[in-house]
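Reviewing the structure listed below.
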Amino acid sequence: MAAPESGDGNNGAARMVTLISSDNTRFEVEAAAASLSQTLQLTILDGGGGGGDGIPLPNVDSATLSKVLEYCIKHAPAAANGGAPNATAVDRAELERFDNEFVNIDQSVLYSLIMAAHNLEIEGLQSLVAKKVADMIKGKSPMEIRRTLGFPDPTPEEQAEMNAHMLEYGWAYE
Amino acid sequence: MAPPRSLPELMEELVEEILLRLPPDDPACIVRVSLVCKPWHRLLSGRAFLRRYRAFHGAPPLVGFLRNRDPLDSCRFPSFIPTASIPSLAHPAAAAADWSIAWAWGTSQRLVVWYPTTGDWRELPRLAISDVMSSGAVLCAIDGCDHMDCNGGPFRVVLVASSTSGQITWACSYSSETNAWSTLASLLTTSKFCYVKLMDRGAVIGDQIYFPMYKKILKYDLGKHSLSVIIDMPDDFSNNVPILMGDGSLGLAGIRSSSLRLWSRKVNTEGVEQWVQYKSINLQSTVPGIDKPGGGAEVIGFAEGVNIILLRNGFGTFVVELKSERISYQQGLVDL
């Protein structure tokens, strides 16, 4: 079993790993970035993903995976600093700007991303997407939320029930 | 597995992650979201979610406060002043809470513990203390409780009262589990100004409850069932209010020449507890009339854990956020 090369303290090229999406696209990425995923971290620490092997990710398609890796590459340096206690305000502001732009995307991509973040256990990404969707929800009425998030039209019974509730909770609609 | 195209296709675990991040300072938002569909309603009203939500967001925001009325008013029940979008609270039929705003209400006749969020209430057995200066506090009775989910659980009530001469102060405690009051603990004082202030709230720190007196602080120890008076005060001003600091320790708030001053109780190098001023907020530009005769303000309360102090003067009631030092005026209180 190969001892993991940590990348730190190694002046040579950073260790790379290969990830394989559900549609068989291969992504070569620094181990430090891929290790933002708790699930991948274990495999990588065991020496997996190097050479010609690659780690198959049958639940993540290539479009989603490239997006996930974009996030991981950007966040890897801060994560390597253990939550970035040394990060400057500028670094933090830059990450925040990146995050805000990163989730400014189509809803279906957001859902694929949060699923992938959940499967791969990338806490920061899952939290970022969840916050984005929560922001899309707040300030809207129940019907607006249903429409925005792609719920099917309510059945007449559901509609009647919502109307009754809106009467009962009128204060929440002022 | 096909990727989800819409939120309803997401698994419940992820929906929960999303709803967990709804803003806590807008109760109306949670209500609207709970009406989106039945599964969301079930999720949002479940105890597990509520616990997680509380833990995720830390101390709950201030959504309003209870304001005691003039004791001479025929309706002596406190009024609820909302500071966020929230419905009016159901008063008990005769005349109220989350533990965070639980309140024991004393009249010479009856004592009621009210759960404002549900409108439930419970009348306590009568006490043989007649019309005196009194105040009270409601405490959770569960050992080691984190107060995330104890609303409606067993509780204690502490009542303190001073004779009108100010020479004797009593305390007794009630347990919801035995539905009975303890014996009276009493304290004789020779100093003037040792009155409990009528209906002012106390600061609860573990087993100790601190109540404002005119120029002192009364301390009741629930475990020892004993009373004492904190006599060393920062100065000789009256109307200081004991508060619970962000770190859970005892603090003191008072107004001095157009400023809100805050002290914390610290142990000095000789091991003696003393008051140390740690903040002063100038109110001159934000609280109207504070430097005019009769416009003087007083501290009337605080909100636990969220660093909020309430002030009042002849112009109205003001909410002071200690961290941001932002001060907002609460409408329509002058005539209450």
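- In this structure the side chain of Tyr111(A) never reaches within 4.5 angstrom of the side chain of Leu14(B), judged on heavy atoms.
- Here NZ of Lys131(A) is found 11.5 Å from CG of Leu20(B). Values are rounded to the nearest 0.5 Å.
- Heavy-atom proximity under 4.5 angstrom to chain A picks out Trp40(B) from residues 40-49 of chain B.
- Once rounded to the nearest 0.5 Å, the distance linking NZ of Lys138(A) with CD1 of Ile30(B) reads 11.5 Å.
- Taking a 6.0 Å sphere around CD of Glu70(A), one finds it holds more than 12 heavy atoms contributed by other residues, nucleotides or ligands.
- If you tally non-hydrogen atom pairs under 4.5 Å between each of Lys38(B), Arg32(B), Met11(B) and chain A, the highest count goes to Arg32(B).
- Taking CG of Leu149(A) as the start and CD1 of Ile18(B) as the end, the distance is 8.0 Å to the nearest 0.5 Å.
- Closest heavy-atom contact between Met162(A) and Val36(B): SD-O, 4.5 Å.
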As a quick check of understanding, evaluate side-chain contact (heavy atoms from CB on, under 4.5 Å) for Arg21(B) and Val133(A), giving each step before the final call. CA-CA 9 Å; Arg21(B) 287 166 173 81; Val133(A) 181; over 6 Å; no
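- Looking only at heavy-atom pairs under 4.5 Å with chain B, the residue among Lys132(A), Glu144(A), Glu161(A) that has the most is Glu161(A).
- Residue Phe151(A) touches chain B through both its backbone and its side chain, counting heavy-atom pairs closer than 4.5 Å.
- The part of Leu19(B) that comes within reach of chain A is its side chain, from C-beta onward, which places non-hydrogen atoms under 4.5 angstrom from that chain.
- Remark: Met166(A) CE to Leu35(B) CG distance equals 8.5 Å, nearest 0.5 Å.
- Residue Arg326(B) qualifies as open at atom CZ: its count of foreign heavy atoms under 6.0 Å is 12 or below.
- In the displayed structure, Phe27(A) atom CZ is contacted under 6.0 Å by more than 12 heavy atoms of other residues, nucleotides or ligands.
- Residue contact with chain B, scored on non-hydrogen atoms closer than 4.5 Å, is absent for Ser22(A).
- Here the closest heavy-atom approach between residue Gly139(A) and residue Cys29(B) is recorded as N-SG, 4.5 Å.
- Within a 6.0 Å sphere centred on CD of Gln159(A), other residues, nucleotides and ligands contribute more than 12 heavy atoms.
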